[in-house]
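The structure appears right after this line, and notes come after that.
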Protein chains: 2
Amino acid sequence: MDDKAAKPAPTGTTGPAGPTGPTGPRAARKRQAVVRAARDLFLREGFGVGMDAIAAEAGVSKVTVYNHFGSKEALFTAVVAGALDEPLADGGPAGGPDLARLVTAEGPDELKAALTEAGRAWGRAVRADAEGRALRTLVATELHRFPELGRAWHAHGPAGHHPAVADALRTLADRGTLDIPDLEVAVLQLYSLLVFPQMVFEQYGTELGEELGERLVVDGAEMFLRRYSPAPAP
Amino acid sequence: MDDKAAKPAPTGTTGPAGPTGPTGPRAARKRQAVVRAARDLFLREGFGVGMDAIAAEAGVSKVTVYNHFGSKEALFTAVVAGALDEPLADGGPAGGPDLARLVTAEGPDELKAALTEAGRAWGRAVRADAEGRALRTLVATELHRFPELGRAWHAHGPAGHHPAVADALRTLADRGTLDIPDLEVAVLQLYSLLVFPQMVFEQYGTELGEELGERLVVDGAEMFLRRYSPAPAP
DNA sequence: TAACTGAACTGTACGGGACAGTACAATTGA
DNA sequence: TCAATTGTACTGTCCCGTACAGTTCAGTTA
């Protein structure tokens, strides 16, 4: 595979296949069909899947695939990089937690309830996001073969929504609802308690269990608040 | 690949290649060389690596590989299953935390110091265990192609040393040093605070940073103890 | 509206190469 | 002596990428 990529000039008579692919309305439809099929198959079968299979799944001739993307490597990187950006466009596949409810919570009880519900939402999102899981595994597997994915990768992953969570915690701290000396650590601890267990176990096929997950979320929220609740004024 | 595995009787004239491979002292040496080379290459390149490359890396003829293991699939499962068992035989590549120091700690300060040091040891172990990381990624990638790996996998992974940690925490609870209502949750929380952040970020190539990791460990131990320290008798 | 035009698409077939597994004769080593 | 090992060469297969001749489609002109 690598020797082919070392070809000095991949000039083919079929098409340019370089920066500019085919244009037009029908080309856009076909291109999208190819991207969709390639993403599904790459996520399910890995990079080893054949181009014929991708073309067949897309209902498209193999030559069309090569007219749009010049090589298997280009198709792979384009599709995976695109899939990395997708979850940030919409609000995520299963919907993230309701951060607004966190910052508007009044009183310790309501805050705890909001935090627990946020943990449940994260758990649901992680559990339902089989596609994201496969994407992470795929990128981790092929990172050494496609180093350019590393650049696109580092911006995403588990650090994806850190800014929003950090903003929510900072607001709570400014308001005096919480006492957070180290914001960066607090954000990571919140993820550690409410998200990472689900992620780690789900990633490796092990089931955490509905009821154990609930206990973890409830007690995790309890733990987080007990750590960062301000000491009552004496 | 799958159709070849569906062959009813892989009877070859070269050798039995079934349950019994070659025997003898030099056969054992060659076999070990093959296993070692195959493990390295599978972990580095994935299942796609060629048998010729494995044989060459082992300094062994390809026929010898087929005399010991009858097929590529058999070699893969044998090697990966073996690699899964290895870390439990010895105490781990980088040495786990000193659990004995945990249970023998006297007083809150010493307990906190012991817990922090345990967190540092876990971080070092996770960070140094590049092989285990590649193994987890490999198993997660090839799980759908080799379902028999799932059986061997579930016993390991992050749940590997849970019993030891659970014993340590139970001892502390029995002694009254800690007040733990839900032991299972407490064990998972300890892992969540001290191990999972390192694992998650390391698995996906992102660096957590020496100094941030230290802050996480120190504050994680603080958080865990604040949650589970018994209320002072009034 | 209807004919025209050129780009995009299709189907098949092929070259080149890599790889799993085998055959076989020669060689090594306990 | 005899099982284990080696080196080479081979078969069959799969797959990437391309060639080519024919067909569909979108936009333009008359």
Side-chain angles (χ1 to χ4, degrees), chain A residues 1-18 20-34 37-38 41-42 45-76 145, chain B residues 1-7 9-18 20-34 37-38 41-42 45-77 145:
Chain A
M1 294 175 182
D2 302 345
D3 44 347
K4 286 167 202 154
K7 264 196 287 187
T11 314
T13 66
T14 306
T20 62
T23 62
R26 159 201 36 181
R29 282 202 309 272
K30 300 286 183 180
R31 185 185 180 90
Q32 189 183 8
V34 171
L41 287 183
F42 277 141
E45 307 281 346
F47 182 73
V49 76
M51 293 292 267
D52 301 81
I54 293 174
E57 174 84 9
V60 151
S61 172
K62 190 166 65 163
V63 180
T64 300
V65 179
Y66 277 95
N67 284 344
H68 282 266
F69 312 87
S71 68
K72 192 183 183 183
E73 279 85 356
L75 175 62
F76 182 79
R145 214 198 309 247
Chain B
M1 296 175 178
D2 302 346
D3 43 347
K4 287 166 201 155
K7 266 195 288 187
T11 314
T13 66
T14 307
T20 62
T23 61
R26 95 231 86 181
R29 282 203 309 273
K30 300 287 183 179
R31 186 187 180 91
Q32 189 184 4
V34 171
L41 286 182
F42 277 140
E45 308 280 347
F47 182 72
V49 77
M51 294 292 267
D52 302 81
I54 293 174
E57 174 83 9
V60 152
S61 172
K62 190 165 66 162
V63 181
T64 300
V65 179
Y66 277 94
N67 284 345
H68 283 264
F69 312 86
S71 69
K72 191 184 184 182
E73 279 86 355
L75 174 62
F76 182 79
T77 58
R145 214 198 308 247

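Reminder, nothing fancy here: chain letters follow the sequence lines and each chain counts from 1.
Minimum interatomic distance between A/A33 and A/A58 (heavy atoms only, all atoms of both residues): O-CB, 3.6 Å. Across all their heavy atoms, A/A55 and A/S61 have their closest contact at CB-C, 4.0 Å. Residues B/L41 and B/E57 approach most closely at CD1-CB, 3.9 Å, considering heavy atoms.
Residue contacts shown for B/V65 are absent, as no nucleic acid heavy atom lies under 4.0 Å away. Note on A/G24: nothing from the nucleic acid sits closer than 4.0 angstrom, heavy atoms only.
No side-chain heavy atom of B/V34 sits under 4.5 Å from any side-chain heavy atom of B/H68.
Across the protein-nucleic acid pair, A/R31 atom CZ and C/dA7 atom P stand 19 Å apart, rounded to whole Å. Atom CG in A/L75 sits about 10 Å away from atom P in D/dG17, given to the nearest Å. Remark: P of C/dA20 and NZ of B/K72 are 4 Å apart, rounded to the nearest angstrom. Rounded to an integer number of Å, the gap from CZ of A/F76 to P of D/dG17 is 14 Å. Between the CG atom of B/D52 and the C1' atom of C/dG17 there is a distance of 13 Å, rounded to whole Å. Rounded to an integer number of Å, the gap from B/Y66 OH to D/dA4 C1' is 18 Å.
In this pair, A/F47 and A/F76 present their aromatic rings perpendicular. The plane angle is above 60°, beyond the 30 to 60° band.
In this structure, CZ on A/R31 lies 11.0 Å from OG1 on A/T23, to the nearest 0.5 angstrom. The CG atom of B/N67 sits 12.5 Å away from the NZ atom of B/K30 when rounded to the nearest 0.5 Å. Atom CD of B/E45 and atom CD1 of B/I54 lie 10.0 Å apart (nearest 0.5 Å).
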Original post:
Can you give one letter per nucleotide of nucleotides 25-30 of chain C, 5' to 3': B if a protein heavy atom sits under 4.0 Å from the base, S if only from the sugar-phosphate, - if neither?
Top reply: -----S
Got a list of protein N/O to nucleotides 10-13 of chain C N/O distances below 3.5 Å?
unit_1	atom_1	unit_2	atom_2	d
C/dT10	OP1	A/K30	NZ	3.2
C/dT10	OP2	A/S61	N	2.9
C/dT10	OP2	A/T64	OG1	2.4

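With sequence neighbours excluded, the residues satisfying side-chain hydrogen bond (donor to acceptor under 3.5 Å, both in side chains) with A/K62 are A/D52.
Taking only side-chain atoms of A/T23, from C-beta outward, the nucleotide of D/dT5, D/dT18, C/dA8 with the closest atom is C/dA8.
Within the 4.0 Å cut-off from OP1 or OP2 of C/dC9, at least one side-chain nitrogen or oxygen of A/H68 is found. Between C/dA20 and B/S71, no contact under 4.0 Å exists linking OP1 or OP2 to a side-chain N or O.
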